[in-house]
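Read through the structure below, which is laid out as structure tokens, and then see the notes.
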Amino acid sequence: MIDPRLVADDPDRVKDHLSRRQQPDLHPIVDEIVDLSTRRAALLTEQSELRNQRNVLSKQIGELYKQGLRDEAEGLKATVQQGNERISSIEAELAQVVSTRDDLLLQLPNLLDDDVPTGASEADNQILRVWGEPPRFDFAPQSHVEIGARLGILDFEASAKLTGARFAVLRAQAARLERALINFFLDVATQEHGYTEVMTPYIVHRRILEGTGQLPKFEGDLFKLHGELNGSDAFLIPTAEVPVTNLHRDEILEEEALPLQYAAFTPCFRAEAGSAGRDVRGMIRQHQFHKVELVWITTPEHSAQAHQTLLGHAETLLQRLALPYRVSLLCSGDISFAAQRCYDLEVWLPSQNAYREISSVSCFGEFQAQRMALRYRPDQEANRKAKPRPAHTLNGSGLAVGRTLVALLENGQRADGSVELPEVLGPYMGGELVLRPPSA
RNA sequence: GGAGGUGUGGCCGAGUGGUCGAAGGCAGUGGUCUUGAAAACCACCGACCGAAAGGUCCGAGGGUUCGAAUCCCUCCGCCUCCGCCA
């Protein structure tokens, strides 16, 4: 979340960012937070004074008893009891004020980075560069659905039997290709780009999702477990970002330990609420898909550079796979709730004659760190205590596995119905780099 | 699922309802000593809120009390045994 102090001190700046995000309707929330912060400060001061009085008097009572001065002690007790009543009412109001303020704070999206272009929609995103050439076909290119059916490796009828729409069954070479991509992505990340691989739970508690910003606003996008798990509401993760970024919540990391770089393969579960009718066919938009996610935890001084590095890591993967893609910088109206700056990598899909998102590389600044109490202690000069500061977090897909598989099938398709895969996957596919129909 | 135990500062580990934010040890930091290092010795050494005074934090949340790390309740984590299971 945004630093509560910043909201209180410079509400106009916050409102300006909300306007850029096309959300001026949130302005009243800012004003409310300012009021609540003022009230909170007053209550805190009064509470602190009363507690001090209680502590002082309680000590006196103890001593009076030791000296056998019971009557004097009883008199003080009455005073303390009176104070306690006032403390109780202050505490009640304080709890109310703080929880209301925090609820509101959690609803505010992140501040935007200066270089985020102002715009209303996807159409205003800035295309930064285009890599590779969309392949030319001397036949009408088919979609991965047709290709997969002809090869007998994508089976949407089977998945429909199991769980209905927006699921897929992968067979034979498709299943192997999915697994190959996972391993390829993880190997590059861990062996070349310095990431530590982690495997995490795929079910997390509510507060974990609040930490990364999916909750409280987007509960409808998530699959929620029925009933509680270990004492809390629990959800299927929509991305590895959630468990991985939260790995160090409630910690204070030493600056010299930063940056932390994690790579995680997980399935991702998304309800896809509100996307009815969009991309219903095929593997583009699924309730369950696989993704390798790259996560950074670093300092405010290094996060901008880290963002570029991370972007480069994701791009490397597309380049090795020889998939044509472009990079865009999301505008203020299209960028997600928690992000401060975000690049999308979009891969070329011949069947759609369009670039489609395959990776989203975001810098969150301290937004997530504030929410999850993820801090670091800056390197300090001798004898000078350095206060802990919120760390900066980043993440990027590296890459979405299902969509990569789709892109490979569609870009690698040939007139005879076979598909040619890039060289780099050789070791992962047992050297079989051409997928052929069963009869061929 | 059944039974029992346990949860204190970076780590280990004392702790009685009252002056405990918490003994002691280790680690760490600064210093004395030394040519240097080690050893020894001395000092410092948690976090949060606050301009400050001061306040809060002994797994979490409630309760009892003038006062709770210490008593009571609920929850969570960890450990051991049994059962079940990949």
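To find a chain, count down the sequence lines: A is the first, B the second, and so on, and within it residues start at 1. Any value given below was found using the heavy atoms of this structure, including those in side chains, with hydrogens, waters and symmetry copies removed.
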**Message:** Expressed as a whole number of angstroms, how long is the span from N230(A):CG to C75(B):C1'?
**Reply:** 11 Å
**Message:** Using Watson-Crick or G-U wobble geometry with both distances under 3.5 Å, which nucleotide pairs with G83(B)?
**Reply:** none
**Asked** In whole Å, what separates the C1' atom of U8(B) from that of G25(B)?
**Response** 15 Å
**Message:** Rounding to an integer number of angstrom, what distance separates G10(B) and C58(B) when you compare their P atoms?
**Reply:** 13 Å
**Asked** With both distances under 3.5 Å as the test, what is the Watson-Crick or G-U wobble partner of A40(B)?
**Response** U32(B)
**Request:** Between A14(B) and U65(B), how far apart are the C1' atoms? Round to whole Å, please.
**Result:** 26 Å
**Prompt:** Counting N and O atoms only, with roles assigned by atom type, does the side chain of R21(A) sit under 3.5 Å from a partner on the main chain of N110(A), one being a donor and the other an acceptor?
**Reply:** yes
**Message:** In whole Å, I'd like the distance from the CG atom of N55(A) to the C1' atom of C20(B).
**Reply:** 12 Å
**Message:** Rounding to an integer number of angstrom, what distance separates G83(B) and A3(B) when you compare their P atoms?
**Reply:** 16 Å
**Prompt:** Looking only at atom C1', what distance separates U70(B) and G63(B), rounded to whole Å?
**Reply:** 15 Å
**Prompt:** Hey, what do you get for CZ (R54(A)) to NZ (K59(A)), rounding to the nearest 0.5 Å?
**Reply:** 13.0 Å
**Request:** Quote, to the nearest angstrom, the C1' distance that separates A43(B) from C33(B).
**Result:** 15 Å
**Message:** What's the gap between A53(B) and A40(B) when it is taken at their P atoms, as a whole Å value?
**Reply:** 38 Å
**Request:** Check the angle between the aromatic planes of H248(A) and Y262(A) and answer parallel, tilted or perpendicular using the 30° and 60° thresholds.
**Result:** parallel
**Of K77(A) and Q47(A), the one whose closest RNA chain B nucleotide lies more 5'** = Q47(A)
**Asked** Does the side chain of T316(A) come under 3.5 Å of the side chain of H313(A) through a donor N or O and an acceptor N or O?
**Response** no
